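The structure presented is a predicted model; accordingly, all values stated were derived computationally and were not measured.
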Amino acid sequence: MSAEELEALRSELARSREIIAVLRERAELDAKYRDLEGDSARAAIMNLEHTVAERTHELARSEARHRSLFEHGPSLAMTVEADGRITRANARARRGIGGDMVGRSLQELFVQEIRERVCGLLERGEGELDALPLADGRRMDLVVTRTLDDAAGQRQVHLRDVTTSVRLRKELQHARRLAAIGHLAAGVAHEINNPLAVVELGLRELRSAVQPGAEGQVGELLAHTDRIARIVSNLHTFAEPREPELENLDIAEVVEASVQIAAAALGPVEVERSQIEPDLRALADRRQLEQVFVNLLSNAARAIGDRGCIHIEGRHVGGWARIRVRDEGPGIPENLLEDVFTPFVRGREGEGPQMGLGLSISWGLIQENGGRLRADNHPEGGARFEIELPRPAPEQRPAPEQLAGEAQSPRPHKLRILCVEDEAVLRRTLLRLLQVFGHTASGVGTAEDALDRLHEEDFDAIITDLRLPGMDGEALRAEVARAHPPLADRIILMSGFFREDAAPDNYLQKPFSAEQLQSALARLAARIDAGSSANTLE
């Protein structure tokens with residue numbers, strides 16, 4: 001029953017009581033002169049009394065239901081004066097806000113910046129405001145309605161906690177922004193890596209031919225190309241993270257390994273990690289998790305400078321492993337907190353550094369591993385990053401450790417190689433390197449020309465760029481497998497941006513070094529030798 005219906009019922013009952021009083025008075029006068037047994041007036045009075053009793057009982061039930069809805073409803077409900085003073089609050093509001101609500105001001109629950117908006121809504125007497133920030137950080141939807149005592153200026157206020165939905169909505173928007181930037185990063189990585197491969201291979205070739213004493217200058221140039229390569233590699237990871245290989249990991253071991261990897265970036269900064277719970281385990285990709293920790297540690301060290309400490313703590317929370325990394329630096333500027341995982345965000349002038357790709361990549365990697373990564377500022381100062389990863393199922397056992405050390409690459413075999421690359425400078429550089437390695441090499445600029453050469457000459461292997469004008473490298477590989485079956489598994493793909501669904505032995509990520517090229521050819525030669533041995537046995 002609505003408030004209007006309750007008010008109408010009260011008015012009707014009041015009029016009925018007045019009628020009954022008048023009728024009683026008349027009945028008492030009539031009783032002096034005649035017997036009222038069976039009198040119609042008395043019967044009418046009795047019926048009216050019965051009706052009033054039923055309506056009074058119904059009113060009591062409606063008021064009880066109204067009180068129950070107010071007291072036990074799903075929202076934080078309050079009755080307030082027009083100036084915001086709270087006169088009544090339900091149990092949920094008392095639990096959700098805390099303390100005695102009566103006498104407090106509704107406006108003081110919210111952050112200073114939006115209190116005027118709340119005052120305006122109370123003055124109007126009705127309306128809604130969405131996702132208002134409370135002083136404690138939560139977000140609330142606010143609904144104000146008029147009460148039956150509107151003449152007295154009272155309002156009924158309902159608050160609904162939407163903190164979780166606001167956070168999820170922001171994460172969705174963030175994920176969409178990162179996806180859009182990822183598509184751009186893929187193209188950028190490829191376009192940079194092609195000329196970078198030319199420069200790096202040329203410099204390495206030049207270093208072996210320069211006069212003694214000039215190697216240092218070439219080495220400095222190579223260091224800069226390596227730096228560019230690392231940036232592009234980050235773009236690659238950001239745009240197309242590989243599928244994680246989940247393992248049952250000991251978090252303390254991963255943190256220890258990450259500290260060792262980040263040692264150069266940490267410098268004199270200490271890392272306090274004694275607060276990691278014993279046997280804290282999570283289901284994640286080791287390499288990706290190490291990359292996240294290295295990023296966080298490196299950022300923390302830059303924020304701290306030469307003095308200070310990084311604190312790492314970890315414990316099990318329900319079905320999650322929660323790890324927190326906190327530094328003792330100046331913290332994250334408030335205007336950057338919401339965008340800290342967005343690539344290349346810059347704060348207002350003088351209010352913090354420009355964000356790069358590291359935190360964005362870390363956020364994406366944790367998402368890929370089924371976890372969550374959040375950032376805030378610690379109450380005692382410094383930035384704090386919180387990682388949550390799913391715990392392994394009880395029956396899962398840690399993956400066996402890999403053998404220490406890697407197998408040595410087999411001794412290079414002399415090969416006849418067809419090189420397919422549309423960048424003429426890079427093609428010439430590759431041909432020179434292949435000849436230096438002792439191979440016989442020919443080069444063409446398109447897949448169509450490559451197919452023509454394969455009909456004219458015999459080759460042991462093919463090195464081809466993935467992106468070619470006309471037919472691309474994947475299509476060339478498929479056509480070679482159809483028309484020249486012996487070469488099907490002797491093709492090495494090159495690309496500035498590679499989707500990592502190819503076998504590791506079958507691709508070269510640009511820019512690559514002469515050593516990486518030689519190692520890939522050595523593995524290819526080993527497969528050719530293995531295939532020849534198998535044919536001989538048959």
Which residues pass the side-chain contact (heavy atoms from CB on, under 4.5 Å) test with Asp376, not counting sequence neighbours?
Arg384
Glu421 (side chain) donor-acceptor with Glu423 (main chain) under 3.5 angstrom:
yes
What I'd like to find out is whether the side chain of Ile366 reaches to under 4.5 Å of the side chain of Ser362, using heavy atoms alone.
no
Check for a donor-acceptor pair, side chain of Asp285 on one end and backbone N or O of Glu245 on the other, with a separation under 3.5 Å.
yes
Are Thr446 and Val420 side-chain neighbours, meaning at least one heavy-atom pair lies under 4.5 Å?
no
Indicate yes or no: does Glu290 engage Arg287 in a salt bridge with an N to O separation below 4.0 Å.
no
Identify the two heavy atoms, one from Cys419 and one from Leu431, that lie closest to each other, and give their separation to 0.1 Å.
CB-CD2, 4.0 Å
Can you name the residues that form a salt bridge (Lys or Arg N to Asp or Glu O under 4.0 Å) with Arg315, not counting sequence neighbours?
none
Looking at OG1 of Thr464 and CD1 of Ile462, how far apart are the two atoms once the value is rounded to the nearest 0.5 Å?
8.0 Å
Check whether Arg139 reaches the backbone of Thr163 with its side chain - one donor and one acceptor, N or O, closer than 3.5 Å.
no
Side chain His439, main chain Ala441, donor-acceptor under 3.5 Å:
no
Nearest heavy-atom approach of Ala93 to Leu76 is CA-CG, 3.7 Å
Does any non-hydrogen side-chain atom of Val271 lie less than 4.5 Å from one of Cys309?
no
State, yes or no, whether a side-chain contact exists between Asp489 and Arg477 at a heavy-atom distance under 4.5 Å.
no
Any residue meeting salt bridge (Lys or Arg N to Asp or Glu O under 4.0 Å) with Arg302, in chain and number order, not counting sequence neighbours
none
Quick check against the 3.5 Å criterion: does Asn377 have a side-chain atom that pairs as donor or acceptor with the backbone of Ile332?
yes
Mind checking what makes side-chain hydrogen bond (donor to acceptor under 3.5 Å, both in side chains) contact with Arg427, not counting sequence neighbours?
none
Tell me the closest heavy-atom pair linking Leu487 and Val480, and the distance in Å.
CB-CG1, 3.7 Å
Ile310 and side chain to side chain contact (heavy atoms under 4.5 Å, CB included): which partner among Asn299, Val269, Val259?
Val269
Criterion side chain to side chain contact (heavy atoms under 4.5 Å, CB included) on Leu365 and Leu373, from CA distance to verdict
CA-CA 9 Å; Leu365 291 177; Leu373 175 59; over 6 Å; no
Between the side chain of Ser298 and the main-chain N/O of Asn295, is any donor-acceptor distance below 3.5 Å?
no
Under the rule for side-chain hydrogen bond (donor to acceptor under 3.5 Å, both in side chains), what residues qualify as partners of Glu328, not counting sequence neighbours?
His311
Expected output: side-chain Asp250 to main-chain Ala252 donor-acceptor under 3.5 Å
yes
Spacing of Leu524 atom CG and Ile492 atom CD1 [to the nearest 0.5 Å]:
5.0 Å
Show the nearest heavy-atom pair for residues Met471 and Ala447, with the distance to one decimal.
O-CB, 3.5 Å
Run the side chain to side chain contact (heavy atoms under 4.5 Å, CB included) check on Leu359 and Phe385 step by step: do they pass?
CA-CA 10 Å; Leu359 289 178; Phe385 290 86; 3.9 Å; yes
Applying side-chain hydrogen bond (donor to acceptor under 3.5 Å, both in side chains), name anything that partners Arg286, two or more places apart in sequence or on another chain.
none
Tell me if a side-chain donor or acceptor on Asp327 pairs with a main-chain N or O of Gly382 at a distance below 3.5 Å.
no
side-chain contact (heavy atoms from CB on, under 4.5 Å) partners of Pro390, counting only residues at least two apart
Trp320
Gln112: partners by side-chain hydrogen bond (donor to acceptor under 3.5 Å, both in side chains), with sequence neighbours left out
Arg115
Could you tell me the separation between the CG atom of Leu493 and the CG atom of Leu466, rounded to the nearest 0.5 Å?
6.0 Å
Sequence neighbours excluded, which residues qualify as side-chain contact (heavy atoms from CB on, under 4.5 Å) partners of Val199?
Leu203, Thr225
Which heavy atom of Leu389 sits nearest to which heavy atom of Ala284, and what is that distance?
CD1-CB, 4.2 Å
Qualifying residues under side-chain contact (heavy atoms from CB on, under 4.5 Å), relative to Asp422, sequence neighbours excluded
Asp465, Leu468, Pro469
Leu418 CG to Ile491 CD1 distance, which is reported to the nearest 0.5 Å:
10.0 Å
If a pair satisfies salt bridge (Lys or Arg N to Asp or Glu O under 4.0 Å) and one of its residues is in residues 262-280, list it, with sequence neighbours excluded.
Glu256-Arg273, Asp279-Arg281
Check against side chain to side chain contact (heavy atoms under 4.5 Å, CB included), Leu289 and Ile251
CA-CA 9 Å; Leu289 188 55; Ile251 295 299; 4.0 Å; yes
May I ask you to test the Glu128-Asp141 pair for a side-chain heavy-atom distance under 4.5 Å?
no
Taking all non-hydrogen atoms of both residues, which atom of Leu109 and which atom of Arg104 are closest, and how far apart?
CD2-NH2, 3.6 Å
Please test Ile417 against Ile463 for side chain to side chain contact (heavy atoms under 4.5 Å, CB included), starting from the C-alpha separation and ending with a verdict.
CA-CA 7 Å; Ile417 301 172; Ile463 300 176; 3.9 Å; yes
Would a 4.5 Å heavy-atom cut-off, applied to side chains only, mark His316 and Leu280 as touching?
yes
Interatomic spacing from CD in Gln435 to CG in Leu430 - rounded to 0.5 Å
11.0 Å
Indicate yes or no: at least one non-hydrogen side-chain atom of Ile323 is less than 4.5 angstrom from one of Phe293.
yes
Taking C-beta and beyond as the side chain, do Val292 and Ile387 meet within less than 4.5 Å on heavy atoms?
yes
Kindly write out the residues that satisfy salt bridge (Lys or Arg N to Asp or Glu O under 4.0 Å) with Glu388, not counting sequence neighbours, or none if the list is empty.
Arg322, Arg372, Arg374
Could you tell me the separation between the CZ atom of Phe110 and the CG atom of Leu142, rounded to the nearest 0.5 Å?
5.0 Å
